[in-house]
Amino acid sequence: MRATQLLLRTIRDEPSEAETASHRLMLRAGMMTQVAAGVYSYLPLALRSIRKIERIIREEMNAAGGQELLMPALQPIEAWRQTGRDAAFGANLFRLTDRRDRGMALAPTHEEVVTAIAGAHVESYRDLPLTLYQIQTKFRDEPRPRAGLLRGREFSMKDAYSFDAGPEGLDATYQRMRTAYRNIFRRCGLPTIEVEADSGAIGGKDSHEFIMPAQSGEDVILLCEESGYAANVERAASIIPPAPEGDPLPMTLADTPGVTTIAGLADFLGVPQSQTLKAVFYQADGETALVTIRGDVEVNEIKLKNYLGCSDLRLANAEEAAAAGLTPGSTSPVGLDGVRRIADNSILQGANFAAGANQPGKHYVNVNYPRDFQVDETADVATAREGDGSPDGKGVLKAARGIEVGHVFKLGTFFTETLGVQYLDEHGERRPVVMGCYGIGVTRVLAAAIEQNHDEKGVIFPAPIAPFPVHLIALNASDPQVREAADALHEELESAGYETLYDDRGESAGVKFNDADLLGLPVRIVVSPRNLKQGVVEIKRRRESDATLAPAGAVTSAVADALAKDEL
RNA sequence: CGGGGAGUGGCGCAGUCCGGCAGCGCGCUACGUUCGGGACGUAGAGGCCCCGGGUUCAAAUCCCGGCUCCCCGACCA
């Protein structure tokens, strides 16, 4: 492909709206343009890369037994009402009305439609297992799209759905998908960490996310080198350092003027925050719930939401707290009744805590559970922290940020039961089909790959997903000898199967080199008068700083060698 | 949804406080010179100053209303 024919314009100045590396570089390298918040046009360079990623995904999904199909993005809203996900997605679901005033939605995911397809095809255990997948544009009206392709409102996703006869079959499929995912991300040049993930309120049991470590990522994960434990903070369990122990002392009321925070309370009393208790008020689907937790630990609202099985969870506001008889700044589990009382497991250990007293300017000291207050239930609703112990008791957790590029999920029978998809087993009994779902954000993989592979000059594409593996540069392109040699080399490379971006522009050497560094194609070849005199061309890998010279007759094999190094 | 910032040739920005010819750099076009790390000269093209209303002799600039985009947070099976 000749650069003079390609829809490509690189940008010298940093785009003002972009801060994240991949966003900045994709704009500067002329890979995409913005159309609306979280909505982009993929220009030829980006699309080439996306197609390569898709190809890798297809190969691995097919190898894992998947069959590709394509479902509509435009769907009747009825499908979503049936499963209740109309409400579950809420404002994130793009809604529209057709000319006959019927409600429609732009699909953010495809469980409803694919389950209906499976329902129409699966009659017997002989039809199982079945894995269907598609690569398709998804729509999610995110509250805050950000960082270019990292979180868009329209994006490309590979979504796969498996149908099995029972949990054992699902286990096998699930493992097969995990293996396929590892292959996919490895081939895309993305180191990923597989972490336990939140499986949400809907049914699911096992769920794993594939996280690519990156500071720009939105997910926080907790890892333990010693034990190999890895989990998203949304789900992570941990062993918190113990609170001070001691013989229970009599509970007394203390004056704590102006103290309204845990930090303030600990300072005022001269005790560690781990020797305090806090009480947090929530509204869960309209029900009020009080969560008591050790002062130095934060409530994990996702764990709490899952525990309560509610769809809407938020902190109670001042009026709601007042209505329940609570005093902000001194809320207390002591003497409280009439609301659902939940305690985090963190309160089960330790003694003589300081806690609220439900009176302005006062707190209790030497509060001991269960002597001084009662709860209705205890559970793990704590946010795991860096420095906490790994839940398996081996080693300490470290925190890291990352980008979620894939998610595998055991759905169970929620959709098949809701939509009535059953099969006839060997004994002639009707049973619900068991589902799994498996997603990869295709356009996010591209952005993540650039997050992971760039330097101050530009992108450093992993060879398998580079728009072109080879960047051929003709220096002094108006020189007839250079042009002739470069044209011939271009032909040779293309016919040898190497897609080549041929910079035949009349630009100066500096411009061409800088653009080459910006685009980050894996192998750069320079044809110049200087090289021609010696009968060589220069070959340089983007990942390396030094170039090598190859005889003009042996360029193709030198390119093969250079690319082979990149495959590692 | 809460907080902050910004909309001016394709891109990056100045001008707005204090109303008076719409500017600069890059890019683009043509010609010439140059030619291994963002070359130089000369001559050009390119504008709904986000939109609507108002004030004024006069509005990019002041006033009112709206829209869009970015960042932080909340949110995000």
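Residue numbers begin at 1 in each chain, while the letters A, B, ... track the order of the sequences.
Of all nucleotides listed (B:A39, B:G36, B:G12), B:A39 comes nearest to the side chain of A:Val511. Closest contact between the side chain of A:Arg144 and the listed nucleotides B:G38, B:C72, B:C76 involves B:C72. Among B:G36, B:G37, B:C71, the nucleotide with an atom closest to any side-chain atom of A:Arg530 is B:G36. Closest to the A:Ser478 side chain, of the nucleotides B:C35, B:C76, B:G12, is B:C35. Taking only side-chain atoms of A:Glu142, from C-beta outward, the nucleotide of B:C70, B:C76, B:G36 with the closest atom is B:C76. Comparing atom distances between the A:Asp13 side chain and each of B:G38, B:C72, B:C11 picks out B:C11 as nearest. The side chain of A:Leu475 sits closest to B:G36 out of B:G36, B:G38, B:C76. The listed nucleotides are B:G12, B:C75, B:G36; the one nearest the side chain of A:Pro143 is B:C75.
Put simply, the side chain of A:Arg524 and the base of B:G37 share a donor and an acceptor less than 3.5 Å apart. Judged by atom type and distance alone, A:Glu538 reaches the base of B:G36 through a side-chain donor-acceptor pair under 3.5 Å.
With hydrogens and angles disregarded, no donor-acceptor distance shorter than 3.5 Å links the side chain of A:Ser162 to the backbone of A:Met435. In this structure, the side chain of A:Asn531 engages the main chain of A:Val526 through a donor-acceptor pair within 3.5 Å. Panel note: side chain A:Arg483, backbone A:Ala477; a donor-acceptor pair is recorded below 3.5 Å.
Spacing of P atoms, B:G7 relative to B:A60, comes out at 16 Å, to the nearest Å. Comparing the same atom, C1', in B:G19 and in B:C62 gives a spacing of 8 Å after rounding to whole Å. Taking the P atoms as reference points, B:G52 lies 37 Å from B:A43, given to the whole Å. Comparing the C1' positions of B:G36 and B:C28 gives an interatomic distance of 25 Å, to the nearest angstrom. Comparing the P positions of B:C70 and B:C13 gives a spacing of 15 Å, expressed to the nearest Å. Comparing the C1' positions of B:G12 and B:G27 gives an interatomic distance of 11 Å, to the nearest angstrom. B:A45 and B:G5: their C1' atoms are spaced 34 Å apart (whole Å). For the C1' atom pair drawn from B:C17 and B:U42, the interatomic distance equals 40 Å after rounding to whole Å.
Pair check for B:G2 finds B:C72; Watson-Crick or G-U wobble, both atom distances under 3.5 Å. Nucleotide B:C49 has no partner under the Watson-Crick or G-U criteria, as no pair reaches both atom distances under 3.5 Å. Pairing for B:A39 goes to B:U33, judged as Watson-Crick or G-U wobble with the two contacts each under 3.5 Å. In this entry B:G44 has B:C28 as its Watson-Crick or G-U wobble partner, both defining distances falling under 3.5 Å. For B:C62, the paired base is B:G54 (Watson-Crick or G-U wobble, both distances below 3.5 Å).
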Practice task
Go along nucleotides 27-32 of chain B 5' to 3' and tag each nucleotide: B for a protein heavy atom under 4.0 Å from its base, S when only backbone or sugar atoms are that close, - otherwise.
Solution key: SS----
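For the pair A:Arg140 and A:Phe155, the cation-pi criterion (under 6.0 Å, within 45° of the ring axis) is not fulfilled.
Of the two residues near RNA chain B, A:Asp517 and A:Glu234, the one whose nearest nucleotide lies more 5' is A:Asp517. Where A:Asn476 and A:Ala37 meet RNA chain B, the nucleotide closest to each residue was compared, and A:Asn476 sits on the side nearer the 5' end.
Under 4.0 Å is where a charged nitrogen must lie from a carboxylate oxygen, and between A:Asp455 and A:Arg542 at least one such pair does. Using a 4.0 Å cut-off between charged nitrogen and carboxylate oxygen, A:Lys278 and A:Glu298 count as a salt-bridge pair. The pair A:Asp86-A:Arg95 meets the salt-bridge criterion, since a charged nitrogen lies less than 4.0 angstrom from a carboxylate oxygen.
A:Glu301 comes within 4.0 angstrom of the backbone, heavy atoms only, and of no base. Residue contacts shown for A:Arg151 include a base, since a base heavy atom lies under 4.0 Å away. Residue A:Arg28 is classed as a base contact, given a heavy-atom separation below 4.0 Å to a base. Counting non-hydrogen atoms under 4.0 angstrom, A:Ala147 reaches the backbone sugars and phosphates but no base. As judged by a 4.0 angstrom heavy-atom cut-off over every strand, A:Asp515 is placed among the base-contacting residues. Residue contacts for A:Ile11: at a heavy-atom cut-off of 4.0 Å it reaches the sugar-phosphate backbone alone, with no base atom in range.
A:Trp80 pairs with exactly one of A:Gln75, A:Glu111, A:Glu112 by the side chain to side chain donor-acceptor pair (under 3.5 Å) rule, that one being A:Gln75.
By the 30° and 60° cut-offs, the orientation of the rings of A:Phe139 relative to A:Phe94 is perpendicular.
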